[in-house]
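Note sheet for the following structure.
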Amino acid sequence: MPQDLPGFYYDAEKNRYFPIKGPIPGSARASSSAASKPTKVIKLCRKNVRTSKLLQARELFGNLISSNKGKCNFKEEFRKKQVSHPKVWKYFGTEKIGDSALERIHVDMQMQEGQIKTEVLLTGGINGSLSFSEVGKVRPEFDHAMQCVPDCVWPIIKGDQTECSGAPEHIRRDIGFSFLMSSNISCIKAFRKNSPFAQEDGGSIQHALISTLGSETYGGSLCLLNLSEPLDFNPAALFIRRRIREIANFDCTIWTADCGSNENRVVIGTNMGAALVDTETGMASWVLHSKSDVLAQQLVHSGNVVLCGLRNGAIVTVDVREKRDGSARLVRHSIPQLPLEKTVGKPSKRWFKDFTLSSVYNLCLSVSISSLVSLMYDDQYFLASSMDGSVKLYDHRLCQRGAVQSYEGLVNSHTRIQLGVDPLERFVMSGGEDCYLRLWSIKSGELLFQEKFSDTVLSTVCWQRRAELKPSIGFGGEQNETKSTKEYNDESSSIGAWLGSQEGLFYMQ
């Protein structure tokens, strides 16, 4: 076989090389005769293509390269290539601590040498346990703590372990870092910073929101964890107990909760509907009354709108700016099920009359909603997963037309599984009841990764990120990068996610 030469292709019939007139710097545009010779570039966007081939195509044809699907962007294809081959580590000794809620935060810690900033995993279990796990290097002060060591579980390598090099840091756990809540923990959320650049230097979170599900004896509760003062991990003191302030108790089940940058207001989703809660007074203002449980909830990043996903399949968007004093009359809404799926014969209609709201935009799917994620870069878009395994992208302005994009392959029938979106909102991931983890491209819907490395459902996810940076436009186009965002994007390939299951915590890079 003749050797490939940069800038040339080999014609076997004529037994000679011909120049490729592509967008090589200084060359002319490709002629029609040259365009008829697609050569090997036609296969460059397939998943099994080698990275060297992508780089060679970029050198020959520039950032816009040819494929069997037309033209594609080199940077996008290179990122997909990286995402489709992740590395995953499992932390032993972390069983049942993050199967219900998981949040990664930066906190200030008081050490013998002074105050430092450190990374902490705040985890909640179905058994009601609330735990701090510090991520970082081993220090003498933590000789008494249990060291949870990561072990590479993907890719599965026998013999030489070089492909799974670059293991993440250890996790330290101590009994003084844990606390048992009144019932199962349903949600843990850190308050967002007002500025998108606030955590670029490792800035610390001031408070975290914690909600409990409730039990047969007690209703759900809402608490704030105070992180404004440096943490002193004194093994003799249960420091978490002293830092938790209970906001309110409710005579209902709290399935989910969310918070934004305003620490005076949070939202909760219950078996009676959704409510805004004042964190200072504990007073609740109901924004949605429903006979169907609110299983998923997302406060849109503007802070003015809350998405509610219900057990009956309805997705209700509530504008929380509406006044709801005692004299206000609320309007009853009937929500028809949209014909999103083709059916044989005459389509049947379902109508829900469970809502007494002031201002809503409605969408109804066929089964219970599992998770909702509003995209930060363009809050007109949101992702929704349901308990039939469907994952879809919607546009608030076009909900009546159905989904903008679909993501195939997820297996689910009855489990509340959290969707995870990377900080730059290029990829979405989810565990499944088949214990597989799947990653898709948000823009194209392409399934990039599908593997099983856990024996239990990966139900929670939290992306590791150095900063929350906002580009000038949404996920569908190119970004105008500042110096900070450019540096962040260059490093985004090494950004990973924390995953939680009953089997323990996992880290995926």
Side-chain angles (χ1 to χ4, degrees), residues 99-100 126 186 253 255-256 269 271 274 290-298 307-317 335-352 354-355 361-375 381-396 398-421 427-442 444-452 454 456-461 499 501-502:
D99 51 348
S100 180
I126 295 178
S186 58
T253 301
W255 289 105
T256 184
N271 62 326
S290 171
K291 296 179 182 178
S292 184
D293 298 40
V294 179
L295 299 180
Q297 199 171 57
Q298 172 75 73
L307 286 168
C308 299
L310 278 65
R311 187 184 295 275
N312 61 18
I315 298 177
V316 184
T317 309
I335 303 177
Q337 181 181 6
L338 300 178
L340 299 180
E341 299 179 358
K342 296 182 179 179
T343 56
V344 179
K346 185 177 180 180
S348 59
K349 291 185 177 180
R350 287 192 299 162
W351 293 80
F352 301 108
D354 297 337
F355 311 104
Y361 304 92
N362 304 314
L363 174 68
C364 188
L365 306 182
S366 57
V367 294
S368 303
I369 306 302
S370 175
S371 181
L372 294 169
V373 178
S374 176
L375 298 188
Y381 294 91
F382 68 93
L383 290 156
S385 65
S386 53
M387 293 189 187
D388 61 352
S390 65
V391 182
K392 298 181 184 295
L393 176 70
Y394 293 94
D395 187 333
H396 284 290
L398 302 171
C399 279
Q400 301 302 320
R401 298 184 182 181
V404 177
Q405 185 62 268
S406 297
Y407 310 92
E408 305 296 334
L410 181 63
V411 177
N412 194 8
S413 61
H414 64 277
T415 309
R416 293 175 62 229
I417 302 175
Q418 184 181 353
L419 289 176
V421 176
F427 311 105
V428 57
M429 73 162 62
S430 176
E433 288 183 350
D434 56 356
C435 301
Y436 275 70
L437 179 72
R438 293 174 175 87
L439 290 97
W440 300 267
S441 166
I442 293 181
S444 67
E446 180 183 357
L447 179 62
L448 302 175
F449 180 75
Q450 178 181 230
E451 296 295 345
K452 179 181 177 181
S454 172
T456 55
V457 178
L458 296 162
S459 54
T460 59
V461 57
L499 306 162
S501 72
Q502 290 189 1

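Applying the side-chain hydrogen bond (donor to acceptor under 3.5 Å, both in side chains) rule to Q297 yields no partners; only residues at least two apart in sequence or on another chain are considered. Here R416 pairs with nothing under the salt bridge (Lys or Arg N to Asp or Glu O under 4.0 Å) rule; sequence neighbours left out. Applying the side-chain hydrogen bond (donor to acceptor under 3.5 Å, both in side chains) test to S501 and every residue at least two apart in sequence or in another chain returns T456.
V316 has its side chain out of reach of V294: every pair of non-hydrogen atoms, C-beta onward, lies at least 4.5 Å apart. Contact annotation: the side chain of L410 approaches that of W440 to within less than 4.5 Å [non-hydrogen atoms, C-beta and beyond]. Using a 4.5 Å heavy-atom cutoff, the side chains of Y407 and L383 are in contact. Side-chain contact check for L419 versus V391: some heavy-atom pair is nearer than 4.5 Å.
Pairing each heavy atom of S386 with each of N412, the nearest pair is O-ND2, 4.0 Å. Nearest heavy atom pair, residue C308 against residue A274, reads SG-CB, 3.7 Å. In terms of heavy-atom proximity, M429 sits nearest to V461 at SD-CG2, 3.4 Å. Nearest heavy atom pair, residue M387 against residue I369, reads CE-O, 4.1 Å. Closest heavy-atom contact between R311 and L295: NH2-CD2, 3.7 Å. For the residue pair I126 and D99, the shortest heavy atom distance occurs at N-OD1, 3.2 Å.
Judged purely by atom type and a 3.5 angstrom limit, E433 has no side-chain atom pairing as donor or acceptor with the backbone of V411. Formation of a donor-acceptor pair under 3.5 Å by the S370 side chain with backbone atoms of I417 is found in this model. Looking only at distances, a side-chain donor or acceptor of S385 sits under 3.5 Å from a matching main-chain atom of S371. Using modelled atom types, one side-chain atom of S292 and one backbone atom of N312 make a donor-acceptor pair closer than 3.5 Å. D395 places no side-chain N or O within donor-acceptor distance of the main-chain N or O of V404, the cut-off being under 3.5 Å.
The OG1 atom of T317 lies 4.5 Å from the CG atom of L307; values are rounded to the nearest 0.5 Å. Note that the CD atom of E446 and the CZ atom of F427 stand 9.5 Å from one another [nearest 0.5 Å]. How far OG of S441 is from CG of L447: 10.5 Å, rounded to the nearest 0.5 Å. Distance check: S100 OG to Q502 CD gives 10.5 Å after rounding to the nearest 0.5 Å. Taking CG of L439 as the reference point, atom CD of Q450 lies at 10.5 Å (rounded to 0.5 Å). Atom CG of D293 and atom CG of L310 lie 8.0 Å apart (nearest 0.5 Å).
Ring geometry for F382 against H396 counts as tilted: the plane angle lies between 30° and 60°, on a 0 to 90° scale.
Around atom OH of Y436, no more than 12 heavy atoms belonging to other residues, nucleotides or ligands sit under 6.0 Å away.
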